[in-house]
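As a basis for the values below, the full set of heavy atoms in this structure was taken, side chains included, without hydrogen atoms, waters or symmetry mates.
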Amino acid sequence: MVTSAPSPDRHARRREQTRAKLVQAARTMFARQGVDNTRINEITDEADVGFGSFYNHFESKEAIVEAVLVETVAAQGAAIDAVTADLDDPAEVIAAAHRYFVRLARSDPDWAWLLVRMDVSHDVVASALGPFARRDLRRAVKAGRLQVSDERVAFFAAGGALLAVMRAVLDGQAPKDADTHHAEGVLRLFGLPPDEAAEVARRPLPPVTVTPKAGR
């Protein structure tokens, strides 16, 4: 006879709830004012828990930053997969991924601010987008669709441009079609001829089935 595992006792459930509140509060504060400008007492105040409770779950501020990063990376990975899963053209995969994140700055500014502000001190783009972006660029180069003189330099150039355009959207300084202009620029940076880069960057985006939220 197979028996199910016992449910967590009340104390364990309270611990899980408190930890979740702390992580959510940290996400909120990091998105609002950045990691370096956030103090632990501000996180506990936002979570409405005692200051001492923080150290029952995290050894330091760096530990809760890591927890927020893990969730951020997971959400980004799911979003990228959802947007590009059915695309066959490696160049279009790259364009769609970049367009998605630029549009995200408009549709979910809280989450986008979290990404932009955490990247300043924790290099979120390299850790979160890196594995996907490098994989997609490598596939496109191997397929002969794109060509770059150095993959690492191209990756960092495109990632920096992405954050800059997202920030411009958040600040209200970018046009409504900033996503297509940015994607076109990235494709040209990666060696696609201008006319073709413009065409690929303006193809209809696949339906998005996963939308990461800063408050989740």
Run the salt-bridge test on [X] and [Y] with the 4.0 Å N-O cut-off and return the result as yes or no.
| X | Y | answer |
| --- | --- | --- |
| Glu196 | Arg188 | no |
| Arg134 | Glu151 | no |
| Arg202 | Glu184 | yes |

Worksheet entry | Main-chain N/O of Ala12 paired with Asp9 side-chain donor or acceptor, under 3.5 Å |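 Yes, Asp9 side chain to Ala12 backbone: donor-acceptor pair under 3.5 Å.
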Item to complete: Please test Phe51 against Asp45 for side chain to side chain contact (heavy atoms under 4.5 Å, CB included), starting from the C-alpha separation and ending with a verdict.
Response: CA-CA 8 Å; Phe51 181 80; Asp45 287 347; over 6 Å; no
Practice prompt. Provide the full list of salt bridge (Lys or Arg N to Asp or Glu O under 4.0 Å) pairs with a residue in residues 87-103, sequence neighbours left out, each pair given once.
Written response: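 Applying salt bridge (Lys or Arg N to Asp or Glu O under 4.0 Å) to every pair that reaches into residues 87-103, excluding sequence neighbours, yields Asp89-Arg145, Asp89-Arg203, Glu92-Arg203, Arg99-Asp179, Arg103-Asp179.
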Within the structure provided, determine whether [X] and [Y] are in side-chain contact (heavy-atom separation under 4.5 Å).
| X | Y | value |
| --- | --- | --- |
| Ser53 | Thr44 | no |
| Leu189 | Val148 | no |
| His98 | Val102 | no |
| Ile40 | Tyr55 | yes |

Which heavy-atom pair separates [X] from [Y] by the least distance, and what is that distance?
| X | Y | result |
| --- | --- | --- |
| Ala178 | Ala174 | CB-CB, 3.9 Å |
| Ile43 | Ala25 | O-CB, 3.5 Å |
| Ala105 | Ala112 | CA-CB, 3.5 Å |

Discussion item. What verdict does the side chain to side chain contact (heavy atoms under 4.5 Å, CB included) test give for Arg32 and Glu46, after you've listed the backbone C-alpha separation in whole Å, the side-chain angles of each residue and the deciding distance to 0.1 Å?
Written reply: CA-CA 12 Å; Arg32 185 181 302 162; Glu46 180 74 19; 3.7 Å; yes
Discussion item. The test is side chain to side chain contact (heavy atoms under 4.5 Å, CB included); show your working for Leu192 and Gln147 and say whether it passes.
Written reply: CA-CA 8 Å; Leu192 205 64; Gln147 55 182 352; over 6 Å; no
Worksheet item: Hey, is CG on Asp86 packed in by over 12 heavy atoms from elsewhere, all under 6.0 Å?
Response: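 Count not over threshold, so no.
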Fill in: Heavy-atom neighbours of Arg135 CZ exceed 12 at 6.0 Å
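More than 12 within 6.0 Å, yes.
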Worksheet item: Can a donor-acceptor pair be found between the side chains of Thr38 and Gln33 at a distance below 3.5 Å?
Response: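 There is such a pair (donor and acceptor under 3.5 Å, judged by atom type) between the side chains of Thr38 and Gln33.
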Discussion item. Could you measure the distance from the CG atom of Leu69 to the CD atom of Glu62? Nearest 0.5 Å is fine.
Written reply: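 Result: 9.0 Å between the selected atoms.
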Worksheet entry | Value rounded to 0.5 Å, distance of CZ in Arg106 from CG in Leu104 |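 Interatomic distance, Arg106 CZ to Leu104 CG, rounded to 0.5 Å: 11.5 Å.
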Less than 3.5 Å apart, which donor and acceptor atoms pair up between the side chains of residues 154-172 and the rest of the protein, not counting sequence neighbours?
unit_1: Arg167; atom_1: NE; unit_2: Asp171; atom_2: OD2; d: 3.1

Item to complete: Please check if Leu137 and Val83 belong to a single hydrophobic cluster, counting links between Ile, Leu, Val, Met, Phe, Trp and Tyr side chain heavy atoms closer than 4.5 Å.
Response: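 No, no single cluster joins them.
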Discussion item. Determine whether Val68 and Leu114 satisfy the following criterion, side chain to side chain contact (heavy atoms under 4.5 Å, CB included), listing intermediate values before the conclusion.
Written reply: CA-CA 10 Å; Val68 173; Leu114 173 66; 4.3 Å; yes
Item to complete: Report the relative orientation of the aromatic rings in Phe54 and Phe58; use parallel for angles under 30°, tilted for 30 to 60°, perpendicular for over 60°.
Response: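 Tilted, since the angle between the ring planes falls between 30° and 60°.
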